[in-house]
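Worksheet: the structure to be examined is printed underneath.
Scope of the values below: all heavy atoms of this structure, side chains included, with no hydrogens, waters or symmetry mates. A quick note: this is a predicted structure, and the numbers were derived from the prediction, not measured.
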Amino acid sequence: MNKSYPHINGKLHLTGSSRFIADEIPLPEMLYTKFLFSPVAHANIMELDTSESITIPGVEKVVTASDIPGINQIGLVIQDEPLFPEKEIMYMGQPLAMVLATSEKIAEAAVKLIHLKYEELPPIFEIDEADEKGEWYIPEKKIECGDVQKALSEADFTLQGITETPTQEHFYLETQRCRAIPGEDRQIILYTATQSTMEVQEVVSRLLNLPANRIIVEVPRLGGAFGGKERGATIWAAMAALGCFLTHKPVQVLLEREEDMRSTGKRHPFQGRWKVGFDAKGKIEALDIELLSNGGAYADLSIAILERAMFHADNAYFIPNVRIRGRACRTNLPPNTAFRGFGAPQAIFILESILDEIAKKLELDPIKLRQINAYRSGDITPYEQKVIECNLPDILERLAFNSNYDQLKEEIEKYNDEHRNSKQGLSIIPVKFGISFTTTHLNQASALLWIYIDGTASLTTSAVEMGQEVSTKCATVVSKVLGIPLENIRVESSNSQRVGNASPTAASTGTDLNGNASRNAAEKIRVRLLPLAQSMLKNQGIDGNMEKICFKDGTVFSSDSPETKIEFKDLIRQAYLSRIPLGANGYYSTPGISFDWNIGRGSPFQYFVFGAALAQVQIDLLTGEHQVLKVFIVHETGISLNEAIDLGQIEGAFIQCYGWCTCEDLPRDTTGHYLAINPSTYKIPTIRDLPSKIQIEMIPSGSKYASIFGSKAIGEPPFIYGLTVWFAIQNAIHSVKPDAILKFPATRESILLALN
Ligand code: MTE
Ligand code: QUE
Ligand code: MOS
């Protein structure tokens with residue numbers, strides 16, 4: 001463990017030989033698709049006439065709602081989303097009809113000949129309006145502890161405010177896509193860019209009125225997902241499946257970048273309405289907060305996202321009296337969806353804004369304020385989960401040490417005194433991130449492991465590879481249990497036939513769940529091999545205890561006499577001849593988690609990931625430009641399964657959040673059009689935006705309750721660290737204009753506006 005060997009997809013990616021969906025050569029007879037997307041955000045369809053478009057040579061079929069053989073419903077948590085709307089158009093860019101043709105060009109031409117008549121309805125885009133009109137998918141949710149009203153009225157100080165966070169485009173490199181191929185006996189084989197094979201299977205089966213065992217979902221790997229291919233992939237897979245069902249030909253759905261950016265849901269904008277009570281030392285006594293999200297046209301995962309936001313409304317701080325109320329609001333935007341952090345970044349931004357207000361009011365040092373309030377082991381969260389193995393106070397101290405905090409503060413003050421047109425600022429954010437799907441039943445996974453007679457292994461898990469290298473980590477687990485060298489383990493595509501009922505690869509649980517399932521499969525085989533290994537060693541004069549047998553580096557030996565080895569592949573061949581089964585199905589479900597929303601109580605998380613970050617920035621008061629000078633991160637990985645991968649995840653998550661809060665501005669016009677739908681107008685960070693210095697310390701503590709071989713989930717928690725840049729920019733602005741209000745994201749324009 002703990003090694004940083006290169007991940008198993010690295011060579012394939014570098015040589016361009018890793019395969020992605022629709023990368024391959026076209027299939028014979030394959031049909032291409034183009035969609036009629038709604039030009040308005042909210043309307044009633046009066047007429048949808050496809051008769052002219054069908055006449056174009058090369059057009060095979062024009063598909064609308066009436067062609068659906070099963071139920072026109074792709075909703076899952078709440079069944080509120082049609083594949084094609086039959087009457088009411090709910091968002092700009094909603095697909096209304098699909099052309100199947102022999103080329104994309106022909107399909108595109110045919111789309112232009114579909115005649116749509118509609119009657120516009122008043123759209124809702126903003127949280128405030130939706131909330132006022134009671135447009136919620138479900139009634140308000142609540143978590144409450146202590147007596148908030150009393151604590152607020154008795155507090156030395158109170159503050160209140162409204163804090164908002166904007167949306168974010170996933171900008172996965174690989175756009176949404178699916179290839180559907182007809183099989184025998186009513187089978188449809190879907191090569192889908194999805195994080196959830198089970199969801200695609202379930203939805204398509206209902207849509208086509210076919211049994212689930214006729215829908216085969218295969219995912220080689222994804223070119224990035226970040227949450228955008230959890231629910232987001234399903235509609236496009238369903239389109240391809242429907243086209244294939246109707247024509248009995250292979251069908252490809254592949255969105256162009258602009259189509260993808262215009263039509264797919266994004267990160268939920270949130271609004272926090274809050275009131276906080278605290279004492280003169282900065283100790284927070286009470287927090288009353290309403291979290292409202294902009295969910296878009298259909299429920300999608302909005303409720304689960306709201307829940308995770310509510311669970312993180314306290315971030316890393318113990319607050320004795322809390323009331324958290326949450327409402328997910330329906331608007332006429334594309335259905336917003338999962339995005340790295342899943343509501344937690346929004347809630348944590350809101351809470352950290354509150355802490356900044358407290359620090360300003362009391363003129364407290366920001367790190368002191370955070371230290372005073374940080375969770376300690378044994379504290380209880382507002383939903384009554386006990387916080388254990390909590391090293392937050394140590395982590396903050398470590399961060400102060402690594403960054404030379406006191407000196408850094410002095411340097412910044414000195415710099416600001418000496419420079420008129422440029423100012424520096426700093427900020428610190430600690431993080432406590434809950435690990436497990438808060439939807440408890442999703443916390444399960446399976447793995448199918450085969451050892452072939454040459455001693456090599458083939459592993460399939462419920463997990464989908466999307467760049468996070470869950471495949472390397474699961475292979476590492478098998479390698480550890482059976483001593484098979486990593487290069488002899490092949491991690492296969494995700495496939496609903498090899499591993500069924502797979503939960504989405506999400507909530508940062510990919511390795512926790514699938515690593516454990518892989519371990520279970522490998523251990524089953526190990527147990528079957530032990531008696532044979534013992535007798536083979538005995539033949540070589542080693543009369544060892546079974547407990548002492550080790551599997552390591554492709555060999556098997558007794559720890560009493562490690563110099564006498566048998567080759568793993570010889571053991572396997574012998575096992576086959578002895579009719580010992582060499583395939584195993586592993587299973588894992590996370591123990592000890594539950595939650596009851598009726599009372600807002602329970603332990604939804606298996607454990608928490610802790611960490612903290614500090615950023616130092618410099619802004620130019622004349623141009624509004626900024627530079628990130630230094631970033632320090634202290635992050636608890638537990639006993640990392642692969643430090644290089646974890647480091648990559650921390651850096652990537654940081655930069656992704658940094659983009660959200662500084663440059664990824666996504667304005668909308670009054671009709672609901674997103675105005676940045678390609679990379680020339682939607683700015684994601686590039687190599688030139690990297691901090692001048694970034695120091696990341698990964699600490700192995702807190703591993704007793706961690707998941708697989710003492711490791712901790714890594715995918716989402718470090719996203720939060722990127723917020724430090726926004727707060728550091730605000731801090732720099734406040735050094736010249738203490739009451740300035742900085743918009744999110746902190747673009748040049750926002751920074752100049754705040755200063756003027
Ligand atoms: N890393 C890469 N390279 N690409 C991705 O799409 N998705 C993130 C994170 N890291 C993502 C990524 C998100 S949103 C999650 S939930 C986790 O990876 C999912 O994978 P894991 O649970 O196996 O960590
Ligand atoms: C974190 C997540 C997810 C989550 C809960 C989390 C997630 C997800 C779901 C979910 C919830 C209900 C369903 C379903 C999925 O919950 O990604 O299919 O019916 O998909 O705390 O990341
Ligand atoms: Mo990640 S947002 O849970 O796919």
Side-chain angles (χ1 to χ4, degrees), residues 21-39 45 47-74 82-86 93-116 175-184 186-194 200 203-210 214-218 233-256 258-260 262-264:
I21 287 155
D23 249 10
E24 308 94 12
I25 42 167
L27 298 165
E29 292 206 286
M30 189 160 77
L31 297 170
Y32 296 83
T33 53
K34 283 286 168 185
F35 297 90
L36 172 68
F37 294 109
S38 170
I45 300 174
E47 197 188 317
L48 187 63
D49 179 3
T50 59
S51 54
E52 195 184 347
S53 60
I54 296 174
T55 61
I56 303 226
V59 172
E60 177 97 6
K61 194 164 177 61
V62 181
V63 182
T64 62
S66 58
D67 297 303
I68 295 169
I71 303 164
N72 182 14
Q73 181 53 251
I74 61 166
L83 181 70
F84 293 115
E86 285 165 41
Q94 180 168 23
L96 306 176
M98 171 174 66
V99 175
L100 302 167
T102 50
S103 80
E104 285 191 349
K105 270 221 167 72
I106 294 172
E108 218 167 285
V111 165
K112 297 205 175 94
L113 298 177
I114 302 174
H115 301 293
L116 169 71
T175 53
Q176 303 280 354
R177 60 196 57 200
C178 176
R179 263 189 188 180
I181 299 171
E184 67 169 42
R186 295 189 295 157
Q187 278 181 334
I188 291 184
I189 303 144
L190 297 168
Y191 293 86
T192 315
T194 179
V200 168
V203 168
V204 169
S205 144
R206 187 173 59 199
L207 189 81
L208 302 184
N209 194 23
L210 285 175
R214 300 304 200 284
I215 312 298
I216 296 131
V217 187
E218 157 95 13
T234 303
I235 184 169
W236 311 111
M239 294 287 184
L242 176 62
C244 176
F245 178 90
L246 294 171
T247 61
H248 308 287
K249 287 184 180 168
V251 168
Q252 174 170 300
V253 169
L254 198 164
L255 296 195
E256 310 258 335
E258 292 200 352
E259 294 169 336
D260 189 307
R262 187 176 47 207
S263 289
T264 65

Which atom of [X] lies closest to which atom of [Y], heavy atoms considered:
X	Y	value
K61	L246	CE-CD1, 3.8 Å
L190	A237	CD2-O, 4.2 Å
G93	S263	O-OG, 2.7 Å
A240	C178	CB-SG, 3.6 Å
Q252	T33	O-OG1, 2.8 Å
T247	G243	OG1-O, 2.8 Å

Rounded to the nearest 0.5 Å, what's the gap from [atom1] on [X] to [atom2] on [Y]? Could you check?
X	Y	atom1	atom2	result
M98	L31	CE	CG	10.0 Å
D260	R177	CG	CZ	9.0 Å
L100	M30	CG	CE	12.0 Å
W236	T264	CH2	OG1	8.0 Å
E259	F35	CD	CZ	8.0 Å
L83	Q73	CG	CD	10.0 Å

Do [X] and [Y] come close enough that some side-chain heavy atom pair is under 4.5 Å?
X	Y	value
C244	I181	no
E256	K34	yes
D67	T64	yes
L242	P69	yes
Q176	M239	no
I188	V204	no
L36	L48	yes
I114	V99	yes

Verify, without hydrogens or angle tests, whether [X] (side chain) and [Y] (backbone) share a donor-acceptor contact under 3.5 angstrom.
X	Y	value
T175	L255	yes
S205	L210	yes
T50	S53	no

Y191, OH: over 12 other non-hydrogen atoms inside 6.0 angstrom: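 Count not over threshold, so no.
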
